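Order of the sequence lines sets the chain letters (A, B, ...), proteins ahead of strands, with each chain counted from 1. Note: hydrogens, waters and symmetry copies are ignored here, and every other heavy atom, side chains too, is used. Keep in mind that what you see is a predicted model, and the values were worked out from it rather than measured.
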Protein chains: 2
Amino acid sequence: MLERLETEVFLALAEELHFGRTAERLGLTTGRVSQIVRKLERQVGAALFDRTSRSVRLTPVGRQLAEDLAPVVAAMEQALRRAVDAGKGVTGELRVAFLGEWTAPVLLRAVALFGERHPDCRVDVREAQLSNSRSSLEDGSIDVLVASYPFDGMALGPVLLAERRALAVPAGHPLAAEASVSLEVLADHPVVQYPAVTSIGFKRDRTPDRTPSGRPVPKGPSGATFSEMLSLVAMGRGVLPVGEHCRQYYPRPDLAYVPIHDAPLIERGPIWLPSNTTGRVREFIRATADVAGGGAAVQCSARGAGW
Amino acid sequence: MLERLETEVFLALAEELHFGRTAERLGLTTGRVSQIVRKLERQVGAALFDRTSRSVRLTPVGRQLAEDLAPVVAAMEQALRRAVDAGKGVTGELRVAFLGEWTAPVLLRAVALFGERHPDCRVDVREAQLSNSRSSLEDGSIDVLVASYPFDGMALGPVLLAERRALAVPAGHPLAAEASVSLEVLADHPVVQYPAVTSIGFKRDRTPDRTPSGRPVPKGPSGATFSEMLSLVAMGRGVLPVGEHCRQYYPRPDLAYVPIHDAPLIERGPIWLPSNTTGRVREFIRATADVAGGGAAVQCSARGAGW
DNA sequence: GGCATCGTTCAATCCAGCTCAATGATCCTT
DNA sequence: AAGGATCATTGAGCTGGATTGAACGATGCC
């Protein structure tokens, strides 16, 4: 391998055929250029330039090397440019997705703002499924997902949506009549469980093991999908803490949603693979922060988001 | 452009996926590897590796860059290898030529020795013409020429042949009866001139402007070829200092060759373009030196031969 | 929870990269 | 033929970045 400066000096001199201009072009002194060329020639074992104090010409060996090296350097620069573009540039295509159609509006506002700022970057919006959301982020088929925290191992952007929690109970359940309940009631009823595929952090957040006071929460049956879990609730097999949006988006006659007054909000925001923190992604996260109302504190995960 | 070390570290790490092994492989410390990768990532603007203290993986951007960069590096190494091979290696083909068939035997002995030493380097032997010998060397169609010194601007190898000089005079000329003559007689007779295309040094050597004592030498007519020049002598238009080999190779009844007893020898040896001092050429020059009898002092021109 | 492995960080060290000025070679001018 | 101008080379000396080594911190295993 050649040193960067060696190849640059060699190719520049092969073009200019003049030490002074070459030195100026590269911000060096002629002495340095001379040294570098000599070192290269020593390494190659033959003269690359045929030079006197009045003329500089390529030798056959030098000409061959210049011809061989020029496309190589061009290819290297293109490879680097491609990487820098993926890293810093905001072009190409950005794929964003939402999880649950009620999160779409805020996402679409961010998309609109991003699109204004970066007209030459296509944005593809799609809806993700809970089952494939993680793998889609990991394999790069989507760049950013708007979903609820936590999302283990992913970088988290600023909060876009926050909602209160409610407890889903069967329609005839004693708690259904309450105006609101405390998280403590979880200790008194089995809680329907999320499927094993869900991340441990998410599962703990939605269906904690213990109440705030420390009492253990009895585990109920687990469902494969959210609808199935709600059906388990309706069947009286347990209760389930959910977001209040369910009242609007899952209005079932056999279910009642009772507000929980002492639970932290469920927060949703952009989520992405830390190793996929490219320029596009950074810019989109910025757009989401701005549509969330500039004042919103940008809460990022420690890993990979600190650009 | 990337620094050599940056690309090497990056590609090595992309292969090894392990900082320790990468560092060892490149003779660095892990700290340095970490720094270099970080600098590269800063330059690219995105993470290239997804790493914890227990695992190192390529990010999508990193994988792309590695794929793009690997062939580039391979091509650069091949280009350099090609140049080094031309410079130091002794392979491919070497084209040598002689000027005057009577120089061929010593050349062929050198070719034989060279062929023994470097069986995988083809050697092409041909006869050169005085008119195209210089251009053939300059355009690379022959690498080494065995001819007489001096040869302006060319590198000179060790002397392979040395011969005394003789003065070519018409058959009936007063000097034809002498056993030998001095260079001083040149002041007394017009001297046939070499054509203008001949190098100035060569011309001075064969047909000096002044005798050793400083007397001017009258210029006779010039011929286009050596045969023509001899004919001018035969016609009585002048005399001409030549090599003694002419007696054998140009035996004309209308000419006499009288030894010159106070002229330096005419020396012949390998001649090549300084800028074409490749490994092949160097090795061939060494072979000529060896067949000339190892003791022969290697007399090289100052320019380009000092490898 | 302790241990081993491994990547990161930081301060200290040192050498290579670089500059500057003198030198020498070449060509042009008069 | 001498002088001058241009330009590549050379060598000494300096500076800044490359490199090291150790301490640190994170991670996964037993």
Set out, line by line, the N/O atom pairs under 3.5 Å between protein and nucleotides 23-25 of chain C.
{"residue": "dA25(C)", "atom": "N3", "partner": "S53(A)", "partner atom": "OG", "Å": "3.0"}

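- Between the S34(A) side chain and the T30(A) main chain, no donor and acceptor come within less than 3.5 Å of each other.
- Of the candidate nucleotides dT9(D), dT19(C), dT19(D), dT19(D) has the atom lying nearest to any side-chain atom of I36(B).
- Between L58(B) and L17(B), the shortest heavy-atom contact is N-CD2, 4.2 Å.
- If you take CZ of R32(B) and P of dC15(C), they are 16 Å apart, rounded to a whole angstrom.
- In terms of modelled atom types and a separation under 3.5 Å, the side chain of D50(A) and the main chain of R57(A) share no donor-acceptor contact.
- Across all non-hydrogen atoms, the minimal contact from A79(A) to L65(B) is O-CD1, 3.6 Å.
- Residues forming a salt bridge (Lys or Arg N to Asp or Glu O under 4.0 Å) with E16(B) (at least two apart in sequence, or on another chain): R21(B), R25(B).
- Rounded to whole Å, atom P of dA8(D) lies 13 Å from atom CG of D50(A).
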Passes side-chain hydrogen bond (donor to acceptor under 3.5 Å, both in side chains), R206(A) versus S148(A)? Steps please. CA-CA 11 Å; R206(A) 301 307 168 85; S148(A) 56; 2.7 Å; yes
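- One can place CZ of R4(A) at 11 Å from P of dG17(C), the figure rounded to the nearest angstrom.
- Between E41(B) and R38(B), no side-chain nitrogen of the basic residue sits less than 4.0 Å from a carboxylate oxygen of the acidic one, so the salt-bridge criterion is not met.
- Here R51(B) does not reach the OP1 or OP2 of dA26(D): none of its side-chain N or O atoms lies under 4.0 Å away.
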Could you go over nucleotides 11-16 of chain D and give all protein N or O partners under 3.5 Å, atom names and distances?
none

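- Note on T29(B): every side-chain N or O is 4.0 Å or more away from OP1 and OP2 of dT19(D).
- For Q43(A) against M1(A), the heavy-atom pair with the smallest separation is NE2-O, 4.4 Å.
- Rounded to a whole Å, the CG atom of L40(B) is 17 Å from the P atom of dG7(C).
- Per the geometry, NZ belonging to K39(A) stands 13 Å off C1' belonging to dC18(C), to the nearest Å.
- Between the C1' atom of dT20(D) and the CD atom of E24(B) lies a distance of 16 Å, rounded to the nearest Å.
- Between L145(A) and I142(A) the shortest heavy-atom distance is CB-CD1, 4.1 Å.
- Of the candidate nucleotides dC18(C), dG7(C), dA18(D), dC18(C) has the atom lying nearest to any side-chain atom of L28(A).
- Between the C1' atom of dT19(D) and the CD atom of E6(B) lies a distance of 15 Å, rounded to the nearest Å.
- Residue-level contact check: V56(A) touches the backbone only, with heavy atoms under 4.0 Å from sugar-phosphate atoms and none from bases.
- The CG-P distance, from L48(B) to dG7(C), rounds to 16 Å in whole Å.
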